[in-house]
Amino acid sequence: MTAPETRGIQITNFRKLYGKTEAVKEVSLSVERGELFGLIGPDGAGKTTLMRAVCTLLVPDGGTVLVQGRDAARDIAAVRARLGYMPQRFSLYQDLTVEQNLRFFADLFQVRQKEREGRLEELYRFSRLGPFKKRRAGALSGGMRQKLALSCALVHTPETLVLDEPTTGVDPVSRHEFWEILRAIQKEGTTILVSTAYLDEADRCDRVALMHEGRIVAVGTPEEIKAGFRHVLYRLAGRDARELRRFFSGLPQVHSTQLFGDAVHVVFAKKPGQSDWEEWRHALEGKLEHWSPERPSVEDVFLELIGSGR
Amino acid sequence: MRRIVHMTQKEFRQVFRDKPMVAIIFAVPIVQLFILAFAITTEVKHTKLMVVDYDRSTVSKDLVLAFVHTDRFDLAGHTTDLREVREGMRGWEVQMGLVIPAGFGADLVRGLKPQVQVVSDGVDGNSSGIATGYAHGILAGFGADYAAVQDSGAPPAGLSSVRMEERMWYNPDLSSQQFMVPGIVVVLLTILPMMLSAMSLVKEKEIGTMEQLSVTPLRKHQLLAGKLIPFLFLSYVELAIVTTVAVLIFRIPMNGSYMLLALLALLYLFATLGLGIFISTITRSQQQAMFVAWFFMVFMIMMSGFFIPIENMPPVLQKLTHLNTMRYFMSIIRDIFQKGSSLPFLLRDVVPLAAFGLTIFSVSVLAFRKRVG
């Protein structure tokens, strides 16, 4: 652990109200410098609110937000100059070309002339947008738009990069590519705070915070999060997955069940014995063919934490 | 300062990238100028006249010719039955009836004061009033000419000894274009800056780029300056185009100083650009902005004296027009064009225009927020 002033992002007792609704309730969080940190949770969990506070876009109703040691509510100009933000909605000028968009943001951030060309080349290289320089932003595909938005947020080589659900609505191949790019940016020493509603993307982060209804319900590396799973997960396969699920969800020692393609994930309160399995196989008249313990995913932990999924 | 330049540059790029927008900015004003200049006219021409001639003398024929020789009246027909005039008016074929009594010619020759009757369709009160005025003028002229021909001696006792000589100063032909065209210039200088600046600011909100701009070191005044300078510039280009068309094509005499016009236009543009900013603060989409701008525009045009004279309005509404910045610029531009007034004569309008313009502008700038949430 490092001192709060030297951390990438330090959020302490942050609160934000919209009217009478508490969007974020007393949240504290720290992101180390150079870390790729994921903010994970469903829509309406308060991820965007928290990220906009980091980006100096809203004033907290309580608590403080420090970005690279600077107060995001007071030292606004200094924070903005060293921060890159990619909002959830694509928000570049669709009627300007890729190059015009990049140069416009380079102008606004007053990137020095001698550094500019080199930086633009770098950005074209990793985003692979070079061949599309003259294309209008509005004519790009979803994945390319996200890469352009990312490039615009990076044009001034920020210390901190904040990305609000950058992979939402992007095809799986582009999503994969996007995460690779984030890793490459991290290697430059950039602190990255990224949010996502896809729980499976948690594994791509150094550390994650799971958010639900304005609170953080768990923080840690993906491994630590998974290790926090208190129940026992089994993967079951057989001839009729639906029938299997119906049978197991009726048992008292079962916490929750979920269909996973042809298989069923069953969460038990405690590990069942061999005799239990024999008994169930018998009761199901051979429909249960295979069972094995399964490593829980972040999604399983999340569902357990928020107490749903039954 | 450099950021303002970049913002301005970007804004120009966006305006010129948008081809329909370029058309709206440059072609529409000219089309509007042409259509409005010819359509909005307060002159009354080609009134359809039916003659009921009970006299049938050479004198009465001369009188009818005196009417028909002007382009103010067209002969719709002759009749000896007054009822036909009534029928004609019902069928919109006759707008005025001229009844010449029997013995009219003889009476006039004898120096008596014969009377004729003029019947006018009063449905459109304004036009019929004007047409009746023309008829009055023709009759007076006819009487005088006839008397002069009859005896060149003493003035005839019958016709009035006090004669009115009419001289229309500044606009001798009473051409309504001379009055309307400068007014149209004002209307165009309202639409472009108000609507375009409001829409361009709201567009940034609507497509989310305002959020992206918010996290850049771009300051509010830099953003606004970068947004407004292009529209200020385009407004002047439009002013130049429209003034050129007015002077060269419509032959509107420009009696005043172009410099003064350009200078005072700046005050008015402060007001309209300010309104544009204001509209952008109270709306969220371009569509909303357009509706609100439209609302402002209708109010401003109606209450400006553009084609409804302010003097004709009820006192309460007359007072309300003092809140309308367009009112002041409307009378300034007409004064400059037609009377060639210099600044001291315009102060009555310039002072309130400046006060409103700068107030609207500063209040709107203060109300404008870069942060969206």
Side-chain angles (χ1 to χ4, degrees), chain A residues 16 18 23 48-49 51-60 67 72-73 76-97 99-113 136-138 148-150 152-153 155-156 158 160-162 164, chain B residues 1-25 196-197 199-227 229-231 234 280 284-286 368-373:
Chain A
K16 182 68 193 177
Y18 288 117
T48 299
T49 305
M51 302 192 110
R52 296 190 72 220
V54 172
C55 295
T56 74
L57 289 176
L58 48 82
V59 184
V67 182
I76 294 175
V79 171
R80 282 182 186 170
R82 295 166 181 82
L83 180 119
Y85 173 47
M86 185 176 151
Q88 191 169 354
R89 203 154 59 110
F90 179 72
S91 43
L92 293 173
Y93 298 98
Q94 307 209 5
D95 45 0
L96 297 184
T97 64
E99 187 177 9
Q100 284 169 341
N101 267 298
L102 274 167
R103 287 190 185 273
F104 175 62
F105 284 98
D107 287 336
L108 289 190
F109 281 107
Q110 297 186 336
V111 178
R112 275 196 216 99
Q113 206 61 44
R136 285 163 63 161
L148 174 58
L150 178 65
C152 286
V155 76
H156 56 300
T160 317
L161 179 62
V162 178
D164 196 356
Chain B
M1 191 60 216
R2 289 250 314 280
R3 290 201 182 100
I4 298 181
V5 176
H6 297 311
M7 192 72 202
T8 309
Q9 187 186 5
K10 183 222 80 173
E11 204 61 32
F12 268 120
R13 265 195 195 128
Q14 283 190 299
V15 169
F16 288 104
R17 173 73 33 98
D18 196 350
K19 292 286 181 298
M21 190 66 119
V22 178
I24 287 174
I25 293 171
L196 293 192
S197 63
M199 287 183 43
S200 133
L201 280 166
V202 169
K203 191 177 169 193
E204 301 261 357
K205 270 205 262 183
E206 199 180 56
I207 66 174
T209 42
M210 195 66 94
E211 176 112 339
Q212 192 81 66
L213 289 181
S214 299
V215 288
T216 69
L218 183 75
R219 305 282 298 276
K220 179 168 113 175
H221 71 268
Q222 295 170 328
L223 168 70
L224 283 177
K227 277 274 168 193
I229 288 169
F231 296 115
L234 289 174
S280 82
R284 285 176 169 277
S285 68
Q286 294 188 75
F368 184 80
R369 289 275 169 276
K370 213 170 68 134
R371 285 188 193 196
V372 212

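Residue numbers begin at 1 in each chain, while the letters A, B, ... track the order of the sequences.
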**OP:** Sort A:R136 into side chain, backbone, both or neither according to what part of it lies under 4.5 angstrom from a heavy atom of chain B.
**Re:** side chain

Original post:
Measuring heavy-atom distances to chain B, does A:F90 have an atom under 4.5 Å in its side chain, in its backbone, in both, or in neither?
Top reply: backbone

Original post:
Please walk me through it: do B:K203 and B:D18 pass salt bridge (Lys or Arg N to Asp or Glu O under 4.0 Å)?
Top reply: CA-CA 13 Å; B:K203 191 177 169 193; B:D18 196 350; 5.3 Å; no

Subject >> Side chains of B:T209 and B:E204, donor plus acceptor under 3.5 Å >> reply: yes

**OP:** May I ask you to decide if the ring planes of A:F104 and A:Y93 are parallel, tilted or perpendicular, using 30° and 60° as cut-offs?
**Re:** perpendicular

**OP:** Please determine, among B:E206, B:Q9, B:R2, the option with the most heavy-atom pairs under 4.5 Å with chain A.
**Re:** B:E206

Subject >> Interface moiety of A:T48 toward chain B, non-hydrogen atoms closer than 4.5 Å >> reply: neither

**OP:** Side chain from CB out, backbone as N, CA, C, O: work out which of these in B:Q222 comes under 4.5 Å of a heavy atom of chain A, or both, or neither.
**Re:** neither

Original post:
Does a side-chain heavy-atom distance below 4.5 Å link B:L223 with B:F368?
Top reply: yes

**OP:** Examine the side chains of B:K227 and B:S197 and answer whether a donor and an acceptor come within less than 3.5 Å of each other.
**Re:** no

